Amino acid sequence: MAMSSMLRSELILGIESSCDDTAAAVVEAGRRVRSSVVASQEDIHALFGGVVPEVASRKHVEVITRVVQEALDRANCTWRDLGGIAVTNGPGLIGSLLVGVSAAKAYHVATGLPLVGVNHIAAHLMSNFCDLPEQEGAPEDFPAVCLVASGGHSDLCLLTDFGQYEVIGMTRDDAAGEALDKAARLLGLGYPGGPALEKAAREGHDRFSLPRPALGDSYDFSFSGLKTALVRLIEELRGESPAGAVLPVADLAHSFQQAVVDTLVRNTMRAAEAYGARQVLLAGGVAANSVLRAELSAAGKRLGLPVRYPPLRLCTDNAAMVAAAGYHRLSGGQNDNTGLDVFSALDH
Ligand code: KG4
Ligand code: ZN
């Protein structure tokens, strides 16, 4: 990653507000995380069983300046120590994105620091290169295939260099995290569903056969059929059992999670082989799932391919990954400054 920087400092402030987390971070040279602050709105949205866009934007407005200040304080630096500002400008909830982008523009005008907009998916990819242990070798082995699986995305990306990637597969309906969240809701496991489902699945077995949807030769995903299969299975089990009998929630959670993991691993490894990837990377909230991590690693071992994943705290939405992604453009002398705009998922 050696590159001569055109910045007065290697410290970049990252800001992220594309969904329901308000985050700010200071990262040095695109990889050393000096601070990473995440104000989660999870408890509020849990009351509604999902993210309520209007509520999310309001909460971002309430906390963003404090979150940014906290990130500077924890990194032990002031505005004068920074070299630039990076902010997520899409895809995401338009009202939420606007809060982060407007704040970043104001900071840019007030401080004169260069400003860049960062694509949320590009940021997730960069989480793989942050805070690596010193001894870890060759993180910049390209091409690499990265699975970005979150509440909003199931994208397979082909990375050819830092910040350079192509989306080679995506979901045609629900994202993997969304499917896990919906399944958890059907099983009465609460929100966010991914971690709740993972916990319940630990007590269960792969007892029910559920589909592993495949879409011909493409690397795309489709999870809505799997969700429908779960709905039918639950109806069937309810119909069979005497009134009031409890559902085998742990076994259902286990079987559903296994079907999602198998599908993700299968497409990722097919793509890695087809594109001659030298390593497989993982990112996004679903990358926190221990079964997915273990099964992807095992599949990598079988193919002799290194599989790497970010530390847990960098898997879910954060601003360190945004700062890291922004660094590569800023250090090359690029900026968006006052011309920066937001784009919603619809524009993506
Ligand atoms: O990347 P992220 O924080 O936000 C989005 O950009 O969506 O991802 C959130 C998603 C949610 O669907 C959540 O259920 C899922 O990541 N998730 C998990 C786990 N932790 C979070 N899914 C499976 N296992 C987990 N341990
Ligand atoms: Zn995300």
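Remember, it's 1-based here, ligands and their atoms both numbered in the order they're listed. No hydrogens, no waters, no symmetry mates; every other heavy atom, side chains included, goes into these values. Source: prediction; values computed, not measured.
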Where ligand 1 meets [X] - atom numbers and elements under 4.0 angstrom, heavy-atom basis:
X: Thr316; value: 3 (O)
X: Gly152; value: 7 (O)
X: His120; value: 6 (O)
X: Gly177; value: 12 (O)

Can you confirm whether the side chains of [X] and [Y] place a donor and an acceptor under 3.5 Å from each other?
X: Tyr327; Y: Glu10; result: yes
X: Asn318; Y: Ser36; result: no
X: Asp155; Y: His124; result: no
X: Ser17; Y: His60; result: no

Electrostatic pair [X]:[Y] at N-O distance under 4.0 angstrom:
X: Glu236; Y: Arg232; answer: no
X: Asp81; Y: Arg34; answer: no
X: Lys227; Y: Asp174; answer: yes
X: Lys59; Y: Glu62; answer: yes
X: Arg329; Y: Asp336; answer: yes
X: Lys182; Y: Glu178; answer: yes

Going by heavy atoms, is [X] under 4.0 Å from ligand 1?
X: Cys19; result: no
X: His124; result: yes
X: Gln257; result: no

**Asked** Does Cys19 bring an N, O or S atom to within less than 2.8 Å of the Zn ion (ligand 2)?
**Response** no
**Prompt:** Under 2.8 Å from the Zn ion (ligand 2), is there an N/O/S atom belonging to His124?
**Reply:** yes
For [atom], find the nearest protein heavy atom and state the residue, atom name and distance (0.1 Å precision).
atom: atom 22 (N) of ligand 1; answer: Gly194 CA, 3.3 Å
atom: atom 3 (O) of ligand 1; answer: Asp317 N, 3.0 Å
atom: atom 25 (C) of ligand 1; answer: Glu198 OE1, 3.6 Å
atom: atom 8 (O) of ligand 1; answer: Gly285 CA, 3.3 Å
atom: atom 24 (N) of ligand 1; answer: Asn289 ND2, 3.0 Å
atom: atom 12 (O) of ligand 1; answer: Asp181 OD2, 2.8 Å

**Message:** One residue to check: Leu292. Relative to ligand 1, which of side chain, backbone, both or neither has a non-hydrogen atom less than 4.0 Å away?
**Reply:** neither
**Complete:** So for His153 against ligand 1, with non-hydrogen atoms under 4.0 Å, the contacting part is neither
**Item:** Nearest option to atom 9 (C) of ligand 1, as decided by whichever heavy atom of Ala288, Gly193, Ala179, Gly151 sits closest
**Value:** Gly151
**Message:** Between Asp181 and Gly194 (side chain of the first, backbone of the second, donor and acceptor by atom type, cut-off under 3.5 Å), is there such a pair?
**Reply:** yes
**Message:** Can you confirm if the aromatic rings of Phe208 and Phe256 lie within a centre distance of less than 6.0 Å?
**Reply:** no
**Request:** Give yes or no for whether the N/O distance cutoff of 3.5 Å, strictly under, is met between Leu180 and ligand 1.
**Result:** no
**Asp317 atom (N/O/S) at minimal separation from the Zn ion (ligand 2)** = OD1
